[in-house]
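See below for the structure under consideration.
What you see below is based on every heavy atom in this structure, not just the backbone, and it leaves out hydrogens, waters and symmetry mates. Within every chain, numbering begins at 1; the chains are lettered A, B, ... in the order of the sequence lines, protein sequences first and strands thereafter.
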Amino acid sequence: MKKVLFATTALIATASMAAAEVRISGYGRFGIDYNDANDRAVNAVPSTTITSRLRLQFDMSTETDGGVVLGARTRAQIESRDNAPGIGAFNGARFYASYGGFTLGVGNIIGAIENMPGLYLETRTAGTGIDGAGFVSLVTNVSNEYFNWDAYSSGLGGGGANGVEVLYTSGAFNGHLSYSTNNGAVAVDRAAVGVSYTFGDWTAALAAQDTDELWGDKVAVSIAGDLGQYGVRLAYADNEGISKWGLYGNMDIGAASNVLVWVTEEDAVSAADVLAGRGDNRDTALLDRGEGTSYGIHYSYDLGGGASFEAGWRESSADNTTVQAGVYFSF
Amino acid sequence: MKKVLFATTALIATASMAAAEVRISGYGRFGIDYNDANDRAVNAVPSTTITSRLRLQFDMSTETDGGVVLGARTRAQIESRDNAPGIGAFNGARFYASYGGFTLGVGNIIGAIENMPGLYLETRTAGTGIDGAGFVSLVTNVSNEYFNWDAYSSGLGGGGANGVEVLYTSGAFNGHLSYSTNNGAVAVDRAAVGVSYTFGDWTAALAAQDTDELWGDKVAVSIAGDLGQYGVRLAYADNEGISKWGLYGNMDIGAASNVLVWVTEEDAVSAADVLAGRGDNRDTALLDRGEGTSYGIHYSYDLGGGASFEAGWRESSADNTTVQAGVYFSF
Amino acid sequence: MKKVLFATTALIATASMAAAEVRISGYGRFGIDYNDANDRAVNAVPSTTITSRLRLQFDMSTETDGGVVLGARTRAQIESRDNAPGIGAFNGARFYASYGGFTLGVGNIIGAIENMPGLYLETRTAGTGIDGAGFVSLVTNVSNEYFNWDAYSSGLGGGGANGVEVLYTSGAFNGHLSYSTNNGAVAVDRAAVGVSYTFGDWTAALAAQDTDELWGDKVAVSIAGDLGQYGVRLAYADNEGISKWGLYGNMDIGAASNVLVWVTEEDAVSAADVLAGRGDNRDTALLDRGEGTSYGIHYSYDLGGGASFEAGWRESSADNTTVQAGVYFSF
C-alpha cells in the first residue's frame with residue numbers, strides 16, 4: 001500500500017522561545033465532479049461541476065518545563081461543491097495536552113469513532129474521487145444518518161462537538177475515549193470508545209458510540225492488512241440495528257500508481273424499528289433509502305512534490321453515481 | 001508581582017525588504033468553568049462547562065525612509081463559553097503610524113479608557129479565572145452597562161469602534177486621546193482621554209469618557225504599586241452617577257506561584273437617575289442590579305515554556321458565583 | 001511612470017520539502033474619505049469618514065516532478081468604508097496549474113476582462129485616492145452596471161465566479177480565456193477573452209465578454225505607453241450599446257512623486273435599448289445615470305519601505321465628488 005509523500009508543515013520558530021511555535025500547513029485539491037443527482041431541470045445544478053477545497057491549517061504548541069506539550073489546531077477551509085462558490089472561516093479549535101503516551105483533547109475533538117483505524121478509505125481524500133464523493137464507503141454511514149458521531153469539524157462554521165477526549169498509545173496499542181454533551185433542558189450525551197492493535201502487517205480496531213440521540217448507537221469493527229504491494233480491509237458496523245459490511249482492497253501498480261476497489265452491503269432499516277415510533281424524521285418511505293450494495297474504484301498517481309492525480313467512480317446503494325478526477329497537493 | 005514569561009511572537013522576515021514583516025502570535029487557553037447562573041432547568045446550559053479560546057494574531061508593519069512605522073493588527077479568535085462551540089473570523093483591523101513617542105491609530109482602536117493602566121486585573125487573563133469570568137473586577141463595569149466604552153474588539157464579528165486615537169509616551173508619562181462616532185441622522189460620539197505617570201514603583205492613572213450615549217460618561221482613577229514580591233492597587237470610577245471602588249493585591253509565593261485577591265464595592269443606581277427618564281432599557285427593577293460587593297481570588301502557577309496554570313473564584317454583587325481552572329499558553 | 005517599490009511576500013519554506021511553500025503577503029491602507037453623497041441628514045453617514053483596508057493574502061504552491069506548478073491563493077480582507085466597521089473572512093480560493101507559458105485557473109478566477117492591461121488606473125489602489133473611489137475611471141464601468149464581469153473577488157463573503165480560465169504568455173503576447181456559469185434551471189454563462197501585445201514602450205489590449213446576462217456583453221480596447229517619466233493611455237469600451245472613452249496621463253515629478261490625471265466620457269443608455277424591454281431593473285428614469293464626463297487627479301509620494309502617501313480627487317458623471325488622502329504600505 002503506497003503512501004503518497006505529503007509535503008509536511010511549514011515551521012515558524014518563534015524569535016525568543018524555541019518551545020513555542022506556529023505551523024502552517026494544508027492542502028489544495030480541485031477537479032471535475034460528475035454527479036447524476038445533479039440536473040439543471042431537477043435541482044438547478046449542472047451534472048458536471050468543479051469541485052475544490054483549499055485547507056489552511058494552523059498548529060500552535062509549546063512545551064512546559066515538565067515536558068507536557070500544550071497545543072491547539074484550527075483550520076480555515078474554502079470549499080466549492082455543486083457549482084456553489086466557497087468562502088472560509090476558522091473552525092472550532094481543538095486544544096490538547098500531551099504527556100508520554102497520553103493526550104487530553106478538548107473543544108473540537110476528533111472523536112473515538114472518527115479516529116478508528118480502518119474506517120475511512122486508504123486514499124488521499126479518505127473517500128472516492130477528488131472530494132470523497134459523500135464517503136459512502138464508510139460502514140458507519142447508513143441510510144439518512146451520515147456522520148452521526150462526534151468528529152473533528154473542518155467545514156465553514158464548523159464548531160465541532162465541544163467535547164473532551166483522552167487518547168492513549170503504547171507500542172502497538174491505541175485507545176481513545178471521547179465525550180460530548182449538548183445544551184438543552186435534558187442532557188443528550190455522546191460517549192465513544194475506540195481501541196486498536198497492530199500485530200505485524202495487520203491492524204484490528206473496534207469503536208463504539210453510546211448516545212441518547214436517535215439512531216446514534218454504533219459498534220464498528222475492522223481488520224486491515226498492509227501487505228507491501230497490496231492492502232486489504234474488512235469492516236462492519238451495527239448502526240442501531242442497521243448493519244453494514246465493507247470490503248476494501250488496493251494494489252500498487254508500477255512506481256507511482258495505486259488502484260483501490262471497495263464494496264459495501266447495507267441492510268434495510270427494519271420496519272419494526274421505524275414503526276416503533278422512534279420519532280425522528282424517518283418514516284416508512286425511507287425504509288430502503290440506503291439498503292443494498294455500494295461500490296467504487298479509485299486511482300491515484302503520484303506526481304511528486306507532494307502532488308498527485310486522483311480519480312474515482314462510485315455507485316451508491318441509493319442509486320447515485322459520481323465520477324471525479326483532479327489534482328491534490330499538500331503544503 | 002511576578003510576570004509570567006510569555007512566548008513572544010513568530011517573526012517572518014520578508015524576502016526582499018527587511019523593513020516589512022508579518023508576525024504571527026497568540027495564545028490558547030482552556031479549562032473548566034463552574035457558573036451557578038447556568039442550570040439546564042433554567043437556561044438549558046450545564047452549570048459546569050469547558051471554556052476555551054484560541055487567539056491567532058497577525059501584526060504587519062513597515063518603516064518608511066523617514067522613520068515612521070506604519071502597521072496594522074488583526075486577530076482571529078475562536079472562543080467557546082457555556083458549552084457553545086466556537087468558530088473564528090478576522091476582527092476589525094487597527095492601523096497605526098508611529099513616530100518618536102507618538103502613535104496615531106485608526107479603525108478598531110484601543111480606546112483611552114480600555115488602555116488605562118490599573119483598570120484590568122494583574123492576571124494573565126486580565127480577569128479572574130481562565131476566561132476572565134465576566135471582568136466583574138473592573139471599576140468601569142457597573143450595573144448592566146458592562147464595557148460601555150470604546151475598546152479594541154477581538155470577538156467574532158467584532159469590528160470595533162472604527163475610531164481614531166493618538167497615544168503619546170515620554171519617559172514615565174503616557175497620554176491617550178480617542179474618538180469615534182456612529183452612523184445615524186444625529187452624531188453620537190465617544191471621546192475619551194487617559195493619562196498616567198510612573199514614579200518609582202507606583203503608577204497613577206486617570207481616564208475619562210464623554211459621550212452622548214446614555215450612561216456612558218465616565219471618570220476613572222487608579223494607583224498601583226509594584227513592590228517586588230507584592231503588588232497593590234486602588235481604583236475608582238464614577239460611571240455617570242454610579243460609583244464603584246476596587247482594591248486589589250497580589251503576592252508571589254515561591255518561585256512560580258502568584259495569588260491575587262480583589263474586592264469591589266458598587267453603588268446602586270440612584271432612583272432619581274432612573275426616574276429622570278433617561279429612556280434606555282433600564283427601569284426601576286434594575287435599580288440594584290449591580291449594587292454591592294464583589295470579590296475574587298486568583299491563583300497562577302508558571303509551568304515554563306510560556307505556559308501557566310490559572311485558577312480563580314469570584315462572587316459578583318449580582319449574586320453570581322464562578323469557579324474556573326485551566327491552562328494558558330502563548331505562542 | 002514610476003513604480004512604487006512593493007514589499008514582497010514573506011516566504012515560509014517547509015521543513016521537509018523545498019517545493020511546497022506558503023507565502024503570506026498583503027497590504028494596509030488607511031486615510032480620510034470625503035464623499036458628497038454622504039450626509040447624516042440624507043443617508044445617516046457623515047460626509048467625511050475613515051476609509052481603510054487590511055489585506056492578508058496566502059499563496060501556497062508546489063511543483064511536480066514533471067515541472068507543473070500547482071498552487072492556490074486565498075485572502076482575508078478587512079475593510080471599512082462609510083464609517084462601517086469591517087471584519088474579515090477568507091474569500092473563494094483560486095487554484096491553478098502552470099506549465100511553461102500556460103496557466104489553468106479554477107474557482108475564484110481572475111477573468112479575462114478584469115485582467116486586461118490598460119483597464120485600471122496606474123495607481124497603487126488601481127483607482128483614484130486611497131480606496132479607489134468607486135473605480136469610475138474604468139471604461140467597462142457604466143451606468144448602474146459596475147463590475148458586470150467575472151473578476152477575482154476579494155471582499156468579505158466573496159466566493160467569486162467559480163469558473164475556469166486559461167492564460168497564455170509568450171514573449172510580448174498575453175492571451176486569456178475565462179468561463180463561468182451560474183446554477184439555475186437555465187444556464188447563464190459568462191465567457192470572456194483577452195489578448196495583449198507589447199511593442200517597445202507601448203502595450204495594446206483587447207478584451208470582450210459574451211453572456212446571456214442583461215447588459216453584460218462588452219468589448220474593450222486600450223493602448224498604453226510607458227515613456228519613462230511619462231505614461232499615457234487611451235481606452236474604449238462598448239458595454240452592450242453604452243460607449244465609454246477614457247484618456248489617462250501620468251508624470252513623475254522629482255525623485256518620489258507621481259501625478260495622474262484622467263477623464264472619461266460615457267454615452268447615455270439609448271432609449272431604444274431601455275424601451276426594448278430588456279427587463280432588468282433599469283427604467284427610463286435611469287437613462288442618464290452615468291451619462292457624461294467623469295474626471296480625476298491622483299497624487300502619489302513614495303515614502304520608502306514599501307509605503308506611500310496617496311491622494312485623489314474625482315468627479316463622476318453622476319455628479320458625485322470624492323476627495324481622499326492616506327497612506328498605503330505593503331508587507
To check you understand the geometry: which heavy-atom pair defines the closest contact between [X] and [Y], and what is its length?
X: C:I50; Y: B:N162; value: CD1-O, 3.9 Å
X: B:G160; Y: C:P85; value: O-CG, 3.5 Å
X: B:A185; Y: C:A44; value: N-CB, 4.0 Å
X: B:L70; Y: C:A307; value: CD1-CB, 3.5 Å

Counting only heavy atoms closer than 4.5 Å, note whether [X] contacts chain C via side chain, backbone, both or neither.
X: B:N182; answer: backbone
X: B:A76; answer: neither
X: B:V186; answer: backbone

Do we see a donor-acceptor contact under 3.5 Å between the side chains of B:T181 and C:R40? yes

**Q.** Pair B:N183-C:D82, side-chain donor/acceptor within less than 3.5 Å
**A.** no

Honestly, the part of C:L156 sitting under 4.5 Å from a heavy atom of chain B is neither

Okay, C:V45 and chain B: the region with an atom under 4.5 Å from a heavy atom over there is both

Exercise for the section: Kindly determine whether B:M60 and C:L54 satisfy side chain to side chain contact (heavy atoms under 4.5 Å, CB included), including the steps that lead there. Expected result: CA-CA 10 Å; B:M60 44 284 291; C:L54 179 63; 3.9 Å; yes

Requested in this report: Could you check C:I24 against B:I24 for side chain to side chain contact (heavy atoms under 4.5 Å, CB included), going step by step and ending with a plain yes or no?
Outcome: CA-CA 11 Å; C:I24 300 176; B:I24 300 176; 3.8 Å; yes

Here the gap from C:I87 atom CD1 to B:N108 atom CG, rounded to the nearest 0.5 Å, amounts to 11.0 Å

Heaviest contributor of heavy-atom pairs below 4.5 Å to chain B, chosen from C:A84, C:A41, C:G86, C:G28, is C:G86

Residue from C:S52, C:P46, C:G88, C:S80 scoring the most non-hydrogen pairs under 4.5 Å with chain B is C:G88

Less than 6.0 angstrom separating the ring centers of B:F90 and C:F90, yes or no?
yes

Most heavy-atom pairs under 4.5 Å with chain C, out of B:A93, B:A161, B:S180, B:S153, belong to B:A93

Counting heavy-atom pairs under 4.5 angstrom with chain C, the leader among B:G71, B:A89, B:A72, B:G66 is B:G71

Exercise. Should we say atom OH of C:Y99 is surrounded by more than 12 heavy atoms from elsewhere, each under 6.0 Å from it?
Worked result: no

Exactly one of C:F329, C:Y27, C:F30 clears ring pair (Phe, Tyr, Trp, His ring centres under 6.0 Å) with B:F95, and that residue is C:F30

task: Verify side chain to side chain contact (heavy atoms under 4.5 Å, CB included) between B:T62 and C:F331, making sure each step is shown before the conclusion.
output: CA-CA 7 Å; B:T62 191; C:F331 57 85; over 6 Å; no

